[in-house]
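Structure record follows, encoded as structure tokens.
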Amino acid sequence: MMKRVAIGVLGTVLDKRGKRENRWNKWRPTVGLCQQTGFPIDRLELLHQSKDRVMAEQVAQDIIQASPSTQVKLVPIVLRDPWDIEEVYTTLLDFAERYPFDPENEEYLVHITTGTHVVQICWYLLTEARYLPAKLVQTMPVRERKGEAQAADPAGSYATIDLDLSRYDKISTRFRQISENSVSYLKAGIATRNAIFNRLIEEIERVAIRSKAPILMIGPTGAGKSFLAHRIYELKLDKHQISGRFVEVNCATLRGDSAMSTLFGHVKGAFTGAQTDRFGLLRAADNGMLFLDEIGELGLDEQAMLLKAIEEKRFFPFGSDKEVQSHFQLIAGTHRDLRKQVSEGLFREDLYARINLWTYKLPGLAQRREDIEPNLDYELARFAREQGEQSRFNAESRRKYLSFATSSDALWSGNFRELGASVTRMATLAESGRITDSVVSDEIERLQNSWGYTTESNLLPELEQPIDLFDRYQLKSVIDVCRTSSSLSEAGRKLFAVSRQQKQHPNDADRLRKYLVRFGLSWEKIKNASDG
């Protein structure tokens with residue numbers, strides 16, 4: 001039979017009510033929780049500060065007297081300021097991470113009636129995020145008549161709240177908004193330990209608040225450009241700097257007349273099939289934000305019209321001789337080198353100059369391997385929120401997955417989108433919410449197959465002669481750098497970053513090419529194997 005375990009903090013005001021001889025006539029929430037008829041508490045984990053130890057022991061003795069079947073465990077904690085949300089949240093999170101939860105044999109309740117309002121909010125947030133696999137329980141006094149101060153029953157009453165139920169979605173959303181406002185707005189939704197990326201996010205936040213100029217984000221597919229654009233929009237909306245919609249379009253999906261029509265709208269009869277007027281996405285983003293992902297895929301005609309729309313806030317819908325207005329803020333994303341496209345005549349130089357005021361290069365997951373672990377936890381929490389099911393790794397299976405995920409053998413060509421899909425697959429296949437070693441092994445094999453696993457196993461066996469183990473490991477590292485670089489020169493700069501400083505005319509690409517030739521390899525051969 002499942003044991004019922006309650007977790008709560010000592011109420012230094014309500015739990016102390018009354019003098020020693022008449023305390024049994026007063027409603028005390030912690031004692032009352034353990035006195036509920038038909039709702040036995042098998043164990044109570046009572047958190048308290050060291051200075052309140054005597055009071056905690058008295059409450060524990062009263063609980064044992066009122067409910068002999070209840071085991072009371074006193075848990076000392078340290079809180080310098082119980083009204084500091086960061087300190088309280090961190091302290092309770094530490095407790096939750098250390099606690100040996102056994103959901104297969106125990107049912108958990110978090111008592112939210114006692115403690116400061118900040119303590120109660122933090123209990124809610126931790127439970128909603130499933131750091132505590134529990135329901136909330138609230139206790140309250142029962143009064144004989146409305147407005148009467150004296151409780152008719154010192155035990156009071158109780159109510160439980162299951163945050164897995166969809167009816168509490170609006171409540172949880174509100175609490176998440178409150179908690180996010182207490183820290184850096186953009187970083188609140190981004191799990192990162194990368195110092196360089198942290199500084200980049202901080203600068204983007206300052207620019208987003210202070211500037212209305214376009215922002216250009218460069219990075220591989222799945223690096224988080226769309227997610228960050230959404231966060232910037234929410235930030236500016238929260239600051240009342242914009243009031244309109246967030247409009248997103250992937251320019252790679254736009255072709256021919258439909259590109260003009262989709263972006264700028266059209267009038268009836270503008271082209272074959274244009275049977276009615278169309279508003280267009282630029283007008284839909286009026287007073288809001290327009291996110292043009294893969295802007296490098298736009299045709300030159302669309303680029304010219306976009307430049308006019310950015311600079312003058314006016315443009316002509318396709319087929320119209322009457323200008324319309326739209327005051328939108330632009331965020332552009334691309335995985336291409338726009339400077340190269342300008343030199344090749346594929347991208348307008350004046351448009352590039354206009355959107356290049358604030359340019360940020362977002363690193364892919366392979367360049368932020370220290371962020372894999374926090375994003376692993378983020379994706380597990382997201383799965384729990386969306387599916388209503390909590391999944392956890394066994395300790396060994398977690399180590400195994402992270403060891404592979406953070407190694408150079410993990411390509412992460414799909415970046416954070418691919419990591420999210422990987423976690424979703426494991427959480428879905430986890431029996432009883434346990435991600436075991438076999439589930440991890442299957443997922444690692446699945447990832448390797450999806451990447452073609454073009455690491456040492458594909459390239460090194462083709463060498464013309466056997467090589468020493470030392471050379472084999474060195475060559476494997478060089479191949480890994482080549483696979484994650486966009487050009488031979490970029491790979492050379494990474495590999496010879498120190499020695500090239502001592503050369504008057506460094507030629508990194510030539511040095512790397514000659515190194516690969518020693519082993520019968522070439523840049524083209526490595527990249528073809530990676531793509532194949």
Side-chain angles (χ1 to χ4, degrees), residues 5-16 29-30 33 44-57 59-60 72-101 108-139 161 163 171-195 198-199 201-202 205 231 235 238 370-371 373-378 380-381 384-385:
V5 179
I7 301 170
V9 299
L10 179 69
T12 55
V13 176
L14 293 178
D15 283 337
K16 188 182 179 182
T30 301
L33 174 63
L44 172 67
E45 303 281 352
L46 186 59
L47 281 62
H48 66 89
Q49 299 205 64
S50 298
K51 63 184 180 64
D52 300 317
R53 176 77 184 188
V54 174
M55 185 193 310
E57 290 175 344
V59 170
V72 181
K73 294 183 66 176
L74 299 182
V75 182
I77 59 173
V78 178
L79 276 180
R80 292 185 299 274
D81 183 0
W83 292 96
D84 184 314
I85 191 167
E86 181 178 359
E87 181 183 4
V88 172
Y89 189 93
T90 301
T91 300
L92 297 184
L93 176 60
D94 288 342
F95 166 81
E97 291 181 333
R98 291 195 305 267
Y99 193 87
F101 290 106
Y108 298 98
L109 299 165
V110 174
H111 190 204
I112 60 169
T113 305
T114 54
T116 64
H117 295 323
V118 170
V119 170
Q120 295 167 10
I121 289 172
C122 290
W123 273 140
Y124 178 96
L125 293 173
L126 289 166
T127 305
E128 190 271 340
R130 306 306 293 169
Y131 286 106
L132 295 152
K135 297 179 182 179
L136 301 179
V137 61
Q138 182 180 17
T139 53
I161 305 170
L163 294 179
I171 299 175
S172 63
T173 300
R174 181 72 177 270
F175 272 95
R176 280 198 297 272
Q177 290 173 347
I178 293 173
S179 65
E180 287 173 354
N181 287 339
S182 66
V183 295
S184 173
Y185 196 98
L186 291 187
K187 289 168 63 179
I190 300 173
T192 181
R193 296 173 179 171
N194 186 289
N198 257 313
R199 290 195 295 271
I201 295 299
E202 289 171 357
E205 178 167 359
R231 295 293 297 169
L235 170 63
D238 184 70
E370 65 269 52
D371 285 346
E373 183 171 8
N375 276 278
L376 180 65
D377 296 328
Y378 172 84
L380 283 173
R385 288 196 304 271

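Residue K16 holds its NZ atom at 12.5 Å from CG of L14, rounded to the nearest 0.5 Å. Distance check, rounded to the nearest 0.5 Å: CD of E57 to NE2 of H48 gives 7.5 Å. The distance from the CG atom of L136 to the OG1 atom of T127 is 4.5 Å, given to the nearest 0.5 Å. Distance check: L46 CG to M55 CE gives 10.5 Å after rounding to the nearest 0.5 Å. Atom CG of residue L33 and atom CG of residue L44 lie 7.0 Å apart, to the nearest 0.5 angstrom.
Counting all heavy atoms, side chain and backbone alike, A96 lies closest to L132 at CB-CD2, 3.9 Å. Between A129 and A381, the closest heavy-atom pair is O-CB, 4.5 Å. Nearest approach of E45 to V5, heavy atoms of both residues: CG-CG1, 4.2 Å. Summarising the geometry of A56 relative to L10, their closest heavy-atom pair is N-CD2, 3.9 Å, with the distance given to 0.1 Å. Counting all heavy atoms, side chain and backbone alike, T139 lies closest to H111 at OG1-NE2, 2.8 Å. The shortest non-hydrogen separation linking L235 to E205 is CD2-CG, 3.8 Å.
Within the 4.5 Å cutoff, no side-chain heavy atoms of V118 are placed close to those of P82. Side-chain contact between Y99 and V75: absent, with no pair of heavy atoms (C-beta onward) separated by less than 4.5 Å. Here the side chains of Y131 and L125 are not in contact, with every heavy-atom distance at 4.5 Å or above. Two residues are said to be in side-chain contact when any heavy atoms from C-beta on lie closer than 4.5 Å; L79 and V88 meet this criterion. Residues I112 and Y124 are not in side-chain contact: their nearest non-hydrogen atoms beyond the backbone lie 4.5 Å or more apart. Proximity of R385 to E128: side-chain heavy atoms (C-beta onward) are separated by under 4.5 Å at one or more points. Side-chain contact between V9 and T116: absent, with no pair of heavy atoms (C-beta onward) separated by less than 4.5 Å. Under the 4.5 Å side-chain criterion, counting only non-hydrogen atoms from C-beta, L93 is in contact with L126.
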Problem set entry | D15 and T30: CA distance, side-chain angles, deciding distance, side-chain hydrogen bond (donor to acceptor under 3.5 Å, both in side chains) verdict | CA-CA 6 Å; D15 283 337; T30 301; 2.6 Å; yes
For this session: Take L74 and R53 through the side-chain contact (heavy atoms from CB on, under 4.5 Å) test and state the conclusion after the steps.
Result: CA-CA 9 Å; L74 299 182; R53 176 77 184 188; 3.9 Å; yes
For this session: Please lay out, stage by stage, how L47 and I7 fare under the test side-chain contact (heavy atoms from CB on, under 4.5 Å).
Result: CA-CA 8 Å; L47 281 62; I7 301 170; 4.2 Å; yes
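Counted within 6.0 Å of CD on E370, heavy atoms from surrounding residues, nucleotides or ligands total more than 12; the atom is thus considered enclosed. For Y108, the OH atom is densely surrounded, since the number of other residues' heavy atoms within 6.0 Å is greater than 12.
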